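First up is the structure itself, then whatever we jot down about it.
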Number of protein chains: 2
Amino acid sequence: MSITFAGVLADRSAWRLENCSIAMAMDVIGTRSSMLILREALCGTVRFDDFARRTRISEAIVAARLKQLTEIGLFVKQPYQEPGKRTRDEYLLTEMGKDLLPAVFALMQWGNKHLQAEEGGPLRLVERSTGEPVTIGPRTESGRSLDPDGLAIVANGDWVDSPSS
Amino acid sequence: MSITFAGVLADRSAWRLENCSIAMAMDVIGTRSSMLILREALCGTVRFDDFARRTRISEAIVAARLKQLTEIGLFVKQPYQEPGKRTRDEYLLTEMGKDLLPAVFALMQWGNKHLQAEEGGPLRLVERSTGEPVTIGPRTESGRSLDPDGLAIVANGDWVDSPSS
DNA sequence: CACCTGACTACTAACCATCAAAGCCAGCTC
DNA sequence: GAGCTGGCTTTGATGGTTAGTAGTCAGGTG
């Protein structure tokens, strides 16, 4: 397998995961509409009708999602006013929201590779300054890219003692 | 914003995304149960009752998900037999399934940071050989890690001409 | 002040994901 | 061959997600 366990997890025979971050994350943003709204937000969309039009989600759902995601803390509302119009709210991503970029684009990257009929899908990421293709993947804090095979999972608080297999 | 558009996407005023990979991906694996099963599979789980026990998902759902994910092509079934038992099937991740590692662990990483009461959540990724902490994030093909601010999105087939903003 | 528009909100009616509990079935044990 | 066990499948019931339609409401325009 691609990942090995270390520390207390080396024997998983009786182990079950509590407080799983993935489950918690899916409870919060695990809907199609949330992901599409986040895709738009990460691409720079800030206004209600832009979200609705670009995601093709009904206004009712967009309103409900934006409200929910704002309560959770992924968006903050900021009033704006165009000349001759009344004041409205823009929905701006918080740090918490921006931190979802890897998750959202990792999903896009996977869909591009495996779900698209033609090569690549409609959008892709590049480095702005060079145009070099960008992928989402594992990397160390010091900036080295890694293979999935080079990974291990540890329980929080543990350190790596003797990775098996 | 963190991402700029280039090429035909620079003016998005009338633009709507067709064949969105994120939407397609969410249609396929956008459920809590799929993500939890994938988490387990990426961590090395291969057998039915291990999936059910470790994810705490009911057997009915695990059976339905494994069947669906196998049809889609994320798993292949491989028969095995323990001594004194009848033959069963193991569920092994395909290349397509393993390619979801960044998406699944990006979600875990986000949950660890933003949804956990205590610091960090129950699990984290490290490099197997060194124990160095690992994060999921954008990087170039040549292996450099990038900031979200350094990214641009282009339509497939385009090249970067003059990134705005 | 009556009207219009843009940004939501409310309501209804699907549909889907999930669970609990029961049922089924292959093959091993006795 | 009768029973047991592990690996599913089936069957309601429940709650969350969604679309669609209609309604509300603030404020600018005439």
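The structure displayed is predicted, hence computed values, not measured ones. Naming: A, B, ... by sequence-line order, numbering from 1 per chain.
- Using a 4.0 Å cut-off between a side-chain N of Lys or Arg and a carboxylate O of Asp or Glu, A:Asp50 and A:Arg47 do not qualify as a salt bridge.
- Regarding A:Phe75, its CZ atom lies at a distance of 16 Å from the P atom of C:dA7, rounded to whole Å.
- When the side-chain nitrogen and oxygen atoms of A:Tyr91 are compared with OP1 and OP2 of C:dA7, none of them lie within a distance under 4.0 Å.
- Between A:Arg53 atom CZ and C:dC8 atom C1' the separation is 16 Å, expressed in whole Å.
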What does the list of N/O pairs under 3.5 Å between the protein and nucleotides 24-30 of chain C look like, with a distance for each?
| from | atom 1 | to | atom 2 | distance (Å) |
| --- | --- | --- | --- | --- |
| C:dA26 | N3 | B:Arg86 | NH1 | 3.1 |
| C:dC28 | OP1 | B:Gln81 | NE2 | 3.2 |
| C:dC28 | OP1 | B:Lys85 | O | 3.4 |
| C:dC28 | O3' | B:Gly84 | O | 3.1 |

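- Regarding B:Lys67, its NZ atom lies at a distance of 14 Å from the P atom of C:dA17, rounded to whole Å.
- Within the 4.5 Å cutoff, the side chain of A:Arg124 has no heavy atoms near those of the B:Ile153 side chain.
- With rounding to the nearest 0.5 Å, the separation of CD1 in B:Ile37 from CD1 in B:Ile29 is 12.0 Å.
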Listing time: all N or O pairs from protein to nucleotides 18-21 of chain D that are below 3.5 Å?
| from | atom 1 | to | atom 2 | distance (Å) |
| --- | --- | --- | --- | --- |
| D:dT18 | OP1 | A:Ser33 | N | 3.0 |
| D:dT18 | OP1 | A:Ser33 | OG | 3.1 |
| D:dT18 | OP2 | A:Ser33 | OG | 2.5 |
| D:dT18 | OP2 | A:Arg65 | NE | 3.2 |
| D:dT18 | OP2 | A:Arg65 | NH2 | 2.9 |

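- For A:Glu90 (side chain) and A:Lys77 (main-chain N/O), no donor-acceptor pair under 3.5 Å exists by modelled atom type.
- Looking at A:Leu125 and A:Ile136, their side chains come closer than 4.5 Å, going by heavy atoms from C-beta outward.
- With rounding to whole Å, A:Asp89 atom CG is found 18 Å from D:dC25 atom P.
- For the pair B:Asp27 CG and C:dC15 C1', the computed distance is 14 Å after rounding to whole Å.
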Are B:Leu151 and A:Leu101 close enough, and set up right, to give a side-chain contact (heavy atoms from CB on, under 4.5 Å), and what steps lead you there?
CA-CA 11 Å; B:Leu151 302 179; A:Leu101 186 144; 3.9 Å; yes
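- In this structure, A:Glu90 atom CD and C:dG6 atom P are separated by 17 Å, rounded to whole Å.
- For residues 102-132 of chain B, every residue pair satisfying the ring pair (Phe, Tyr, Trp, His ring centres under 6.0 Å) rule, not counting sequence neighbours, is listed here: B:Trp110-B:His114.
- DNA chain D is contacted by both B:Arg47 and A:Glu59; B:Arg47 maps to the nucleotide lying nearer its 5′ end (nearest heavy atom per residue).
- Atom P of nucleotide C:dT5 and atom CZ of A:Phe48 are separated by 18 Å, given to the nearest angstrom.
- Taking the side chain as every heavy atom from C-beta outward, B:Glu141 and A:Val134 never approach each other to under 4.5 Å.
- One interatomic measurement links the two molecules: CG of B:Leu66 to P of D:dT9, which rounds to 10 Å at whole-angstrom precision.
- Within the 3.5 Å criterion, the main-chain N or O of B:Gly73 finds a donor-acceptor partner in the side chain of B:Thr94.
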